[in-house]
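Just below is one structure, and these are the notes that go with it.
Positions are given from 1, in the same order as the sequence printed here.
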Amino acid sequence: NAGPISDAVLWTSSGTIVDLHPQGYVTSSLAALDSTQQVGSGEVDANDTHALLWSGTAASVVDLNPAGYDNSSADGVSGNQEVGDASVPAFGIENAMLWSGTAASAVNLTPAGLTQANAYGTDGTQQVGGAFGTAEHALLWSGTAASAVDLNPAGYYGSFALAVAGNQEVGVGDNSLDASEDGINNAMLWTGTAASGVNLQPTDFGDGFMYSEALGTN
């Protein structure tokens, strides 16, 4: 197959399908969108994948890959903010990234002392994701690495946050420190602090609920 293996595709409210695959990329994929923009990634070659930003057409693509990084991807967008991660393959360490429309605008959100971080969502003001120390902890940022708030609730081995809007953050908590829950991941809701964490795991009414995750909030 001489053409792309996969193309990023946008469906409009009118039912039109827009192929967003930009020239010069082997494959492309779409991860998130708001009312005007779309984000995802494109494979430059077998070793390099770059975070991409679109505004509704293939020609509008902006390569967000920061200088000094060989791989990146964008996973969330809102307003003038895009979030995701970037890494240098030689080291294999992912850094949570925040952009505002250009590669040069990239801000590394990885807190000092942590080995790896990913940003999954933004509401245009705050960003959420997770970072690894001993285990992954859900984090909430306000635009800088230093602003990071650890959302991991007491009694949980790990967690990560996937979406944010207003004063709410949602994601997953791994309560493997609580033997009564058998270490199963549960959907979580926060309002800005670890202490605010609410476990949203549905009560088992005989239907066999064992795992849950929260993917979005408005």
**OP:** Check step by step if side-chain contact (heavy atoms from CB on, under 4.5 Å) holds for Ser159 and Asp174.
**Re:** CA-CA 6 Å; Ser159 56; Asp174 174 5; over 6 Å; no

Looking at [X] and [Y], would you say the former's side chain and the latter's main chain have a donor-acceptor pair under 3.5 Å?
X	Y	answer
Ser147	Ser142	yes
Asn108	Ala145	no
Asp48	Asn71	no
Asp7	Val9	no
Ser87	Glu94	no
Glu82	Gly101	yes

Subject >> Leu20: side chain to side chain contact (heavy atoms under 4.5 Å, CB included) partners, not counting sequence neighbours >> reply: Ala8, Leu10, Val18, Leu30, Gln38, Trp54

If you measure from [atom1] on [X] to [atom2] on [Y], what distance do you get to the nearest 0.5 Å?
X	Y	atom1	atom2	value
Met210	Asn186	CE	CG	11.0 Å
Asn80	Thr36	CG	OG1	10.0 Å
Asn118	Leu162	CG	CG	10.5 Å
Leu140	Gln168	CG	CD	12.5 Å
Asn65	Ser73	CG	OG	10.0 Å
Ser72	His50	OG	NE2	6.0 Å

Original post:
If we only count heavy atoms from C-beta on, is the Ser6 to Ser28 side-chain gap below 4.5 Å?
Top reply: no

Subject >> Validation row: Ile93, Thr110 side chains within 4.5 angstrom (heavy atoms) >> reply: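 No, their side chains stay 4.5 Å or more apart.
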
Please answer: with hydrophobic residues joined when any side-chain heavy atoms are less than 4.5 Å apart, are [X] and [Y] in the same cluster?
X	Y	answer
Met97	Val62	yes
Val198	Val170	yes
Leu114	Tyr156	no
Leu52	Leu33	yes

Specify the closest pair of heavy atoms between [X] and [Y], including all atoms of both residues, with the distance to one decimal.
X	Y	value
Tyr25	His21	O-NE2, 2.9 Å
Val172	Trp190	O-CH2, 4.0 Å
Ala161	Leu139	CB-O, 4.3 Å
Glu136	Phe160	OE2-CB, 3.7 Å
Ala214	Met188	CB-O, 4.0 Å
Trp99	Leu64	NE1-O, 2.8 Å

Subject >> side-chain hydrogen bond (donor to acceptor under 3.5 Å, both in side chains) against Thr16, all qualifying residues, sequence neighbours excluded >> reply: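 Residues passing side-chain hydrogen bond (donor to acceptor under 3.5 Å, both in side chains) with Thr16: Ser14.
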
**OP:** State which residues pass side-chain hydrogen bond (donor to acceptor under 3.5 Å, both in side chains) with Gln127; sequence neighbours excluded, sorted by chain then number.
**Re:**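 For Gln127 the side-chain hydrogen bond (donor to acceptor under 3.5 Å, both in side chains) partners, ignoring immediate neighbours, are Gln81.
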
**OP:** Begin from the C-alpha positions of Tyr69 and Asn95 and carry the test side-chain contact (heavy atoms from CB on, under 4.5 Å) through to its verdict.
**Re:** CA-CA 10 Å; Tyr69 294 83; Asn95 291 291; 3.7 Å; yes

Subject >> Steps toward side-chain hydrogen bond (donor to acceptor under 3.5 Å, both in side chains) verdict (Thr191, Asn167) >> reply: CA-CA 5 Å; Thr191 52; Asn167 68 338; 5.9 Å; no

Original post:
Got more than 12 heavy atoms from elsewhere within 6.0 Å of CG, Asn218?
Top reply: no

Subject >> Test log, rule side-chain hydrogen bond (donor to acceptor under 3.5 Å, both in side chains), inputs Thr49 and Glu43 >> reply: CA-CA 4 Å; Thr49 299; Glu43 183 181 341; 5.4 Å; no

